[in-house]
Q: 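Structure in structure tokens, see below.
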There are 2 protein chains.
Amino acid sequence: MRQKQGEMCPRFEKAVNILSQRWTALVIYQMLESPKRFGEIQSAIGVSGKVLSDRLKNMEQEGLIKRDVYPETPVVIEYSLTEKGESLEPVLRDIENWSSDWIEHPDSKEAVK
Amino acid sequence: MRQKQGEMCPRFEKAVNILSQRWTALVIYQMLESPKRFGEIQSAIGVSGKVLSDRLKNMEQEGLIKRDVYPETPVVIEYSLTEKGESLEPVLRDIENWSSDWIEHPDSKEAVK
DNA sequence: CCTTATTAGTTACTATTTGTAATCAAGTAT
DNA sequence: ATACTTGATTACAAATAGTAACTAATAAGG
């Protein structure tokens with residue numbers, strides 16, 4: 001395979017990798033409004049429990065979100081943005097603005113392809 | 001599977017889907033500087049020819065980029081941003097700024113997981 | 001003419017990631 | 001004990017991405 005020569009800033013590249021993971025941006029977007037529970041996120045964006053579980057762990061490891069357990073009945077687990085996670089709000093607002101300016105067809109949510 | 005109830009704006013969702021496709025944001029970022037050729041993009045970001053070919057087709061269909069053929073020797077094919085594609089610059093600049101504020105470890109480009 | 005070189009892809013095959021549906025663990029109520 | 005709820009995990013199937021070899025078009029060299 002062709003080697004990578006034209007250097008990309010590795011920090012920018014990592015940021016893009018985080019945001020390019022499927023569902024991650026939508027999960028953060030949900031939490032911008034308020035902290036959210038596992039099931040709420042699942043219902044809101046339609047992600048599978050398996051992948052959501054994986055994403056939440058990654059995002060916690062990246063320091064984007066924090067996980068709080070309330071031993072109520074049944075248990076309540078609340079995910080919320082850290083300062084680092086909240087600082088992505090401008091990115092998501094720009095995407096929001098761009099989509100309202102440039103995306104028309106609301107016929108299918110079947111993605112890009 | 002749990003149904004999607006909490007409605008997301010379908011235009012925002014589509015925008016996120018476009019930008020969440022692996023490599024798409026990096027390809028646009030490359031073209032922000034100047035039009036780019038197939039091999040240049042490949043070298044710069046390290047994407048496989050197969051996937052780059054697919055992404056460029058999708059991005060052209062989405063109206064983000066245009067493809068120009070110059071029958072020189074050997075053939076030169078130049079990809080450049082449309083107005084729609086260029087209008088994503090603020091999103092990418094925000095990601096750039098965020099990464100310089102919040103991403104530290106430049107040790108591994110091995111992504112998020 | 002035949003071989004080589006260059007760019008822009010495509011193809012067959014493998015590996016990784018995601019989706020699906022069933023299941024599990026903890027806690028409580030019936 | 002059984003059932004219910006939330007937050008997950010698991011096994012298996014489907015979709016997506018990576019790898020390396022190959023093709024098409026054009027031209028230069030011998």
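Chain identifiers are assigned alphabetically (A, B, ...) following the order of the sequence lines, protein sequences preceding nucleic acid strands; residue numbering begins at 1 within each chain. Keep in mind the model is a prediction, meaning the values are calculated, not measured.
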Q: Output the rounded distance in Å from CD (A:Q21) to P (C:dT16).
A: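 Rounding to the nearest Å, CD of A:Q21 and P of C:dT16 are 16 Å apart.
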
Q: Nearest nucleotide by nearest heavy atom, which residue falls closer to the 5' end of DNA chain C, A:R55 or A:T73?
A: A:R55

Q: What integer distance in Å separates B:N17:CG from C:dT18:P?
A: 13 Å

Q: What about B:M31 and B:Y70, same hydrophobic cluster or not, with Ile/Leu/Val/Met/Phe/Trp/Tyr joined at side-chain heavy-atom distances under 4.5 Å?
A: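 Different clusters.
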
Q: B:R22 side chain: which of D:dA17, D:dA8, C:dG9 is closest?
A: D:dA17

Q: In Å and rounded to the nearest 0.5 Å, what is the CH2 to NZ distance from B:W102 to A:K14?
A: 14.5 Å

Q: Please check the phosphate of C:dG19 (OP1 and OP2 only) for any side-chain N or O of A:W23 closer than 4.0 Å.
A: yes

Q: Which is more 5' along DNA chain D, the nucleotide nearest A:S53 or the one nearest A:P74? Just name the residue.
A: A:P74

Q: Does a sphere of radius 6.0 Å around CD in A:E83 hold more than 12 heavy atoms from other residues, nucleotides or ligands, not counting ones at 6.0 Å or beyond?
A: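 Check fails, neighbour count at 12 or below.
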
Q: Just checking, any donor-acceptor pair under 3.5 angstrom between side chains of A:Y79 and A:E60?
A: no

Q: Side chain of B:S48 only, heavy atoms from C-beta on: which candidate in D:dT6, C:dG9, D:dG18 is closest?
A: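 Among the listed nucleotides, the one closest to the side chain of B:S48 is D:dG18.
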
Q: Reckon B:R67 has a side-chain N or O less than 4.0 Å from the OP1 or OP2 of C:dA8?
A: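 B:R67 to C:dA8 OP1/OP2: no side-chain N or O under 4.0 Å.
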
Q: Counting any heavy atom closer than 4.0 Å, what does A:Y70 reach on the DNA or RNA strands: base, sugar-phosphate only, or nothing?
A: nothing

Q: Using only modelled atom types and a 3.5 angstrom limit, is any donor from either the side chain of B:K50 or the base of D:dT19 paired with an acceptor on the other?
A: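 Checked by distance alone, the answer is no.
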
